[in-house]
Amino acid sequence: MTTTQREPVTRVAVLIPTYDERENLPGIVARVRASVPTADVIVLDDGSPDGTGEVADALAAADPHVRVVHRTAKEGLGKAYLAGFAIALEEGYDAAVEMDADGSHLPEQLPSLLAALAEADVVIGARWVRGGEVRNWPAHRKVLSVGANVYTKVLLGMHVNDATAGYRAYRTGALRAMGLEGVESQGYCFQIDLTLRAVRAGLTVVEVPITFVERQVGVSKMGQDIVREALTSVTRWGVEHRLGQLRAVTSRVRDRVPAGERS
(Lines give C-alpha, C1' and ligand atoms only; values in the text may rest on other atoms or scores of the structure.)
Protein backbone atom coordinates (compact mmCIF):
# COMPACT_ATOMS: atom_id res chain seq x y z
CA MET A 1 0.00 0.00 0.00
CA THR A 2 2.97 2.34 0.29
CA THR A 3 3.79 2.22 -3.42
CA THR A 4 2.64 4.98 -5.75
CA GLN A 5 1.45 2.39 -8.29
CA ARG A 6 -2.15 2.27 -7.18
CA GLU A 7 -5.24 0.89 -8.85
CA PRO A 8 -7.62 3.47 -10.32
CA VAL A 9 -10.62 4.40 -8.18
CA THR A 10 -13.81 3.79 -10.12
CA ARG A 11 -16.40 2.53 -7.61
CA VAL A 12 -16.98 5.00 -4.78
CA ALA A 13 -19.35 4.73 -1.81
CA VAL A 14 -20.18 8.02 -0.10
CA LEU A 15 -21.21 7.24 3.47
CA ILE A 16 -23.56 9.76 5.11
CA PRO A 17 -24.55 9.01 8.73
CA THR A 18 -27.76 10.71 9.82
CA TYR A 19 -29.66 11.48 12.98
CA ASP A 20 -32.44 14.07 12.70
CA GLU A 21 -31.23 15.53 9.39
CA ARG A 22 -34.43 15.43 7.33
CA GLU A 23 -34.09 19.08 6.29
CA ASN A 24 -30.46 18.80 5.23
CA LEU A 25 -30.34 15.36 3.62
CA PRO A 26 -32.12 15.93 0.26
CA GLY A 27 -29.88 18.85 -0.65
CA ILE A 28 -26.68 17.06 0.34
CA VAL A 29 -27.56 13.93 -1.62
CA ALA A 30 -28.47 15.98 -4.70
CA ARG A 31 -25.15 17.85 -4.52
CA VAL A 32 -23.16 14.63 -4.15
CA ARG A 33 -24.91 13.12 -7.14
CA ALA A 34 -24.20 16.26 -9.18
CA SER A 35 -20.54 16.45 -8.13
CA VAL A 36 -19.66 12.76 -8.63
CA PRO A 37 -22.48 11.22 -10.71
CA THR A 38 -20.91 7.74 -10.72
CA ALA A 39 -20.69 7.50 -6.93
CA ASP A 40 -23.18 5.61 -4.79
CA VAL A 41 -24.62 7.30 -1.71
CA ILE A 42 -25.24 5.14 1.36
CA VAL A 43 -27.31 6.86 4.04
CA LEU A 44 -26.74 5.33 7.49
CA ASP A 45 -29.67 6.43 9.62
CA ASP A 46 -29.62 5.79 13.37
CA GLY A 47 -33.39 5.57 13.80
CA SER A 48 -33.96 9.33 13.52
CA PRO A 49 -37.20 10.27 15.31
CA ASP A 50 -37.75 13.23 12.96
CA GLY A 51 -38.40 11.00 9.93
CA THR A 52 -34.98 11.28 8.27
CA GLY A 53 -35.16 7.57 7.44
CA GLU A 54 -38.39 8.02 5.50
CA VAL A 55 -36.92 10.98 3.60
CA ALA A 56 -33.89 8.84 2.74
CA ASP A 57 -36.15 6.03 1.56
CA ALA A 58 -37.90 8.42 -0.83
CA LEU A 59 -34.53 9.55 -2.22
CA ALA A 60 -33.48 5.94 -2.71
CA ALA A 61 -36.73 5.07 -4.45
CA ALA A 62 -36.10 7.85 -6.98
CA ASP A 63 -32.39 7.13 -7.60
CA PRO A 64 -30.68 3.72 -7.96
CA HIS A 65 -27.40 5.29 -6.82
CA VAL A 66 -28.86 5.98 -3.36
CA ARG A 67 -29.59 3.42 -0.67
CA VAL A 68 -30.49 3.50 3.00
CA VAL A 69 -29.27 1.42 5.93
CA HIS A 70 -31.76 1.67 8.78
CA ARG A 71 -30.08 1.26 12.15
CA THR A 72 -32.39 0.73 15.10
CA ALA A 73 -30.69 2.94 17.68
CA LYS A 74 -28.51 6.02 18.02
CA GLU A 75 -25.10 4.35 18.30
CA GLY A 76 -22.97 7.27 17.19
CA LEU A 77 -20.83 8.33 14.28
CA GLY A 78 -18.12 5.70 14.68
CA LYS A 79 -20.46 2.70 14.65
CA ALA A 80 -22.33 4.11 11.66
CA TYR A 81 -19.14 4.56 9.63
CA LEU A 82 -17.89 1.09 10.57
CA ALA A 83 -21.15 -0.34 9.25
CA GLY A 84 -20.67 1.61 6.02
CA PHE A 85 -17.05 0.49 5.68
CA ALA A 86 -18.18 -3.12 6.04
CA ILE A 87 -20.61 -2.66 3.13
CA ALA A 88 -17.96 -1.00 0.97
CA LEU A 89 -15.51 -3.83 1.65
CA GLU A 90 -18.05 -6.59 1.15
CA GLU A 91 -19.39 -5.19 -2.10
CA GLY A 92 -16.05 -4.47 -3.76
CA TYR A 93 -15.96 -0.67 -3.78
CA ASP A 94 -12.60 0.93 -4.50
CA ALA A 95 -13.07 3.77 -2.02
CA ALA A 96 -15.30 4.86 0.86
CA VAL A 97 -15.95 8.51 1.71
CA GLU A 98 -16.95 9.97 5.06
CA MET A 99 -19.29 12.95 4.72
CA ASP A 100 -21.50 14.80 7.21
CA ALA A 101 -25.16 15.29 6.36
CA ASP A 102 -25.35 18.82 7.74
CA GLY A 103 -23.68 20.65 4.86
CA SER A 104 -20.39 21.34 6.63
CA HIS A 105 -18.58 19.13 4.10
CA LEU A 106 -19.07 20.61 0.64
CA PRO A 107 -19.90 17.88 -1.90
CA GLU A 108 -18.45 20.13 -4.61
CA GLN A 109 -14.99 19.49 -3.11
CA LEU A 110 -15.35 15.70 -3.27
CA PRO A 111 -13.73 15.41 -6.73
CA SER A 112 -10.54 16.93 -5.28
CA LEU A 113 -10.42 14.35 -2.49
CA LEU A 114 -10.99 11.48 -4.90
CA ALA A 115 -8.37 12.80 -7.32
CA ALA A 116 -5.80 12.80 -4.50
CA LEU A 117 -6.35 9.06 -4.03
CA ALA A 118 -4.31 8.55 -7.19
CA GLU A 119 -1.21 8.99 -5.03
CA ALA A 120 -2.54 8.16 -1.57
CA ASP A 121 -4.27 5.53 0.52
CA VAL A 122 -6.14 7.96 2.76
CA VAL A 123 -7.12 11.54 1.89
CA ILE A 124 -8.20 13.96 4.59
CA GLY A 125 -10.14 17.10 3.75
CA ALA A 126 -8.18 19.42 6.03
CA ARG A 127 -9.13 22.76 7.53
CA TRP A 128 -5.88 23.60 9.28
CA VAL A 129 -3.51 23.53 6.29
CA ARG A 130 -2.58 26.19 3.75
CA GLY A 131 -5.67 26.86 1.64
CA GLY A 132 -8.06 25.41 4.23
CA GLU A 133 -10.84 27.54 5.67
CA VAL A 134 -13.55 27.44 8.34
CA ARG A 135 -16.67 29.56 8.00
CA ASN A 136 -19.17 30.63 10.64
CA TRP A 137 -17.31 29.23 13.63
CA PRO A 138 -16.92 31.29 16.80
CA ALA A 139 -13.39 31.87 18.04
CA HIS A 140 -13.63 29.32 20.86
CA ARG A 141 -14.51 26.51 18.41
CA LYS A 142 -11.48 27.35 16.28
CA VAL A 143 -9.23 27.43 19.33
CA LEU A 144 -10.59 24.07 20.51
CA SER A 145 -10.09 22.41 17.12
CA VAL A 146 -6.61 23.82 16.48
CA GLY A 147 -5.53 23.01 20.03
CA ALA A 148 -6.83 19.45 19.79
CA ASN A 149 -4.96 18.88 16.55
CA VAL A 150 -1.69 20.35 17.81
CA TYR A 151 -1.95 18.24 20.98
CA THR A 152 -2.63 15.13 18.89
CA LYS A 153 0.17 15.81 16.42
CA VAL A 154 2.79 16.42 19.10
CA LEU A 155 1.77 13.64 21.47
CA LEU A 156 1.36 10.94 18.82
CA GLY A 157 4.24 12.06 16.61
CA MET A 158 2.10 12.18 13.45
CA HIS A 159 2.66 14.46 10.46
CA VAL A 160 -1.10 15.01 10.01
CA ASN A 161 -2.29 18.57 10.74
CA ASP A 162 -6.05 17.90 10.93
CA ALA A 163 -6.45 14.45 12.47
CA THR A 164 -9.93 15.33 13.81
CA ALA A 165 -11.31 16.19 10.36
CA GLY A 166 -14.34 14.17 9.30
CA TYR A 167 -14.34 14.67 5.51
CA ARG A 168 -12.23 11.80 4.19
CA ALA A 169 -11.71 9.29 1.41
CA TYR A 170 -10.23 5.86 2.06
CA ARG A 171 -9.14 3.25 -0.40
CA THR A 172 -10.87 0.07 0.72
CA GLY A 173 -7.51 -1.70 0.64
CA ALA A 174 -6.35 0.83 3.23
CA LEU A 175 -9.34 0.03 5.44
CA ARG A 176 -8.35 -3.63 5.37
CA ALA A 177 -4.75 -2.80 6.24
CA MET A 178 -5.76 -0.53 9.13
CA GLY A 179 -7.41 -3.30 11.14
CA LEU A 180 -10.77 -1.87 12.14
CA GLU A 181 -11.64 -4.68 14.52
CA GLY A 182 -12.10 -3.41 18.02
CA VAL A 183 -12.58 0.28 17.11
CA GLU A 184 -14.94 1.67 19.73
CA SER A 185 -14.19 5.41 19.59
CA GLN A 186 -16.65 8.11 18.49
CA GLY A 187 -16.67 11.69 17.20
CA TYR A 188 -13.32 13.46 17.18
CA CYS A 189 -11.73 10.39 18.73
CA PHE A 190 -12.93 8.10 15.94
CA GLN A 191 -11.20 10.24 13.32
CA ILE A 192 -7.98 10.39 15.34
CA ASP A 193 -8.12 6.64 15.94
CA LEU A 194 -8.41 5.87 12.22
CA THR A 195 -5.67 8.37 11.34
CA LEU A 196 -3.33 6.75 13.85
CA ARG A 197 -4.14 3.28 12.53
CA ALA A 198 -3.41 4.41 8.97
CA VAL A 199 -0.07 5.97 9.94
CA ARG A 200 0.98 2.93 11.98
CA ALA A 201 0.06 0.65 9.06
CA GLY A 202 2.55 2.55 6.89
CA LEU A 203 -0.13 3.95 4.60
CA THR A 204 0.22 7.17 2.64
CA VAL A 205 -2.01 9.83 4.22
CA VAL A 206 -2.36 13.17 2.43
CA GLU A 207 -4.30 16.30 3.32
CA VAL A 208 -6.27 18.32 0.79
CA PRO A 209 -7.40 21.81 1.84
CA ILE A 210 -11.16 22.25 2.13
CA THR A 211 -13.64 24.91 3.17
CA PHE A 212 -15.61 23.78 6.21
CA VAL A 213 -18.98 25.50 6.66
CA GLU A 214 -20.84 25.36 9.97
CA ARG A 215 -24.34 23.90 9.65
CA GLN A 216 -27.17 26.31 8.90
CA VAL A 217 -30.05 24.00 9.89
CA GLY A 218 -30.32 21.73 12.92
CA VAL A 219 -28.22 21.31 16.04
CA SER A 220 -24.60 20.20 16.31
CA LYS A 221 -24.17 16.68 17.72
CA MET A 222 -20.85 17.49 19.40
CA GLY A 223 -21.01 17.47 23.18
CA GLN A 224 -18.65 17.55 26.14
CA ASP A 225 -18.58 13.74 26.28
CA ILE A 226 -17.10 13.60 22.77
CA VAL A 227 -14.38 16.11 23.64
CA ARG A 228 -13.65 14.28 26.90
CA GLU A 229 -13.34 10.93 25.11
CA ALA A 230 -10.90 12.37 22.60
CA LEU A 231 -8.72 13.99 25.26
CA THR A 232 -8.61 10.83 27.37
CA SER A 233 -7.89 8.48 24.48
CA VAL A 234 -5.26 10.66 22.81
CA THR A 235 -3.47 11.10 26.11
CA ARG A 236 -3.46 7.33 26.67
CA TRP A 237 -2.25 6.61 23.13
CA GLY A 238 0.39 9.30 23.45
CA VAL A 239 1.76 7.89 26.70
CA GLU A 240 1.87 4.43 25.14
CA HIS A 241 3.65 5.85 22.08
CA ARG A 242 6.27 7.69 24.12
CA LEU A 243 6.85 4.67 26.40
CA GLY A 244 7.34 2.54 23.31
CA GLN A 245 9.94 4.99 22.02
CA LEU A 246 11.70 4.95 25.40
CA ARG A 247 11.79 1.16 25.47
CA ALA A 248 13.21 1.09 21.95
CA VAL A 249 15.97 3.54 22.86
CA THR A 250 16.79 1.63 26.04
CA SER A 251 16.96 -1.62 24.09
CA ARG A 252 19.35 -0.12 21.54
CA VAL A 253 21.61 1.24 24.29
CA ARG A 254 21.69 -2.14 26.03
CA ASP A 255 22.57 -3.86 22.76
CA ARG A 256 25.65 -1.65 22.44
CA VAL A 257 26.92 -2.54 25.91
CA PRO A 258 29.03 -5.74 26.11
CA ALA A 259 27.16 -8.51 27.89
CA GLY A 260 29.75 -8.70 30.65
CA GLU A 261 29.33 -5.03 31.54
CA ARG A 262 25.55 -5.01 31.92
CA SER A 263 24.30 -4.62 35.46
Side-chain angles (χ1 to χ4, degrees), residues 12-37 39-60 62-63 65-69 71 74 76-78 80-81 84 95-116 123-129 131-142 144-146 149 162 164-170 186-188 190-191 207-223 226-227:
V12 176
V14 180
L15 311 176
I16 305 181
T18 55
Y19 186 80
D20 286 356
E21 296 286 359
R22 63 174 298 153
E23 294 181 75
N24 290 312
L25 186 62
I28 292 300
V29 171
R31 290 165 61 189
V32 172
R33 296 287 294 116
S35 298
V36 187
D40 291 333
V41 176
I42 303 178
V43 178
L44 305 150
D45 185 62
D46 271 11
S48 298
D50 75 340
T52 299
E54 289 77 5
V55 171
D57 284 337
L59 296 172
D63 187 342
H65 282 277
V66 179
R67 79 168 94 168
V68 187
V69 175
R71 295 159 52 76
K74 186 180 180 183
L77 190 72
Y81 274 134
V97 174
E98 296 181 7
M99 180 183 291
D100 286 351
D102 61 12
S104 58
H105 300 151
L106 304 181
E108 293 76 17
Q109 296 184 322
L110 180 54
S112 297
L113 271 66
L114 296 177
V123 176
I124 297 175
R127 301 156 295 180
W128 311 121
V129 298
E133 181 184 357
V134 172
R135 295 179 183 171
N136 305 327
W137 259 14
H140 76 274
R141 285 288 301 276
K142 293 181 180 180
L144 175 63
S145 183
V146 171
N149 277 289
D162 199 354
T164 65
Y167 196 6
R168 300 169 173 229
Y170 296 89
Q186 297 291 329
Y188 276 160
F190 178 78
Q191 307 301 357
E207 294 178 280
V208 172
I210 63 162
T211 298
F212 179 96
V213 182
E214 176 67 343
R215 67 161 63 235
Q216 299 297 308
V217 178
V219 179
S220 173
K221 310 298 192 299
M222 190 188 77
I226 293 176
V227 176

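It should be emphasised that the depicted structure is a prediction, and the values quoted were computed from it without experimental measurement. Numbers here are sequence positions counted from 1.
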Shortest non-hydrogen contact from [X] to [Y]?
X      : Y      : result
Pro111 : Pro107 : CD-O, 3.7 Å
Gly103 : Ile28  : CA-CD1, 3.5 Å
Leu44  : Ala80  : CD1-O, 3.3 Å
Gly132 : Pro209 : N-CB, 3.5 Å
Leu113 : Gly125 : CD2-N, 4.2 Å
Leu110 : Met99  : CD2-CE, 4.3 Å

Test your reading of the model: is there a side-chain donor-acceptor pair from [X] to the backbone of [Y], 3.5 Å cut-off?
X      : Y      : value
Glu98  : Tyr81  : no
Tyr167 : Leu106 : yes
Arg22  : Asp50  : yes
Asp46  : Tyr19  : no
Arg168 : Gln191 : yes
Asp100 : Asp102 : no
Asn149 : Thr164 : yes

Look up atom [atom1] in [X] and atom [atom2] in [Y], then write down how far apart they are to the nearest 0.5 Å.
X      : Y      : atom1 : atom2 : result
Thr18  : Asn24  : OG1   : CG    : 10.5 Å
Thr211 : Arg135 : OG1   : CZ    : 5.0 Å
Ile42  : Ile16  : CD1   : CD1   : 10.0 Å
Glu207 : Arg127 : CD    : CZ    : 10.0 Å
Arg31  : His105 : CZ    : NE2   : 12.0 Å
Asp57  : Asp45  : CG    : CG    : 8.5 Å

Check whether any side-chain heavy atom of [X] lies under 4.5 Å from a side-chain heavy atom of [Y], and answer yes or no.
X      : Y      : result
Gln109 : Phe212 : no
Asp63  : Leu59  : no
Val36  : Leu114 : yes
Val43  : Leu25  : yes

_Test of understanding: with side-chain contact (heavy atoms from CB on, under 4.5 Å), list the residues that count as partners of Asp40, not counting sequence neighbours._
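Checked Asp40 against side-chain contact (heavy atoms from CB on, under 4.5 Å); matches are Arg11, His65, Tyr93.
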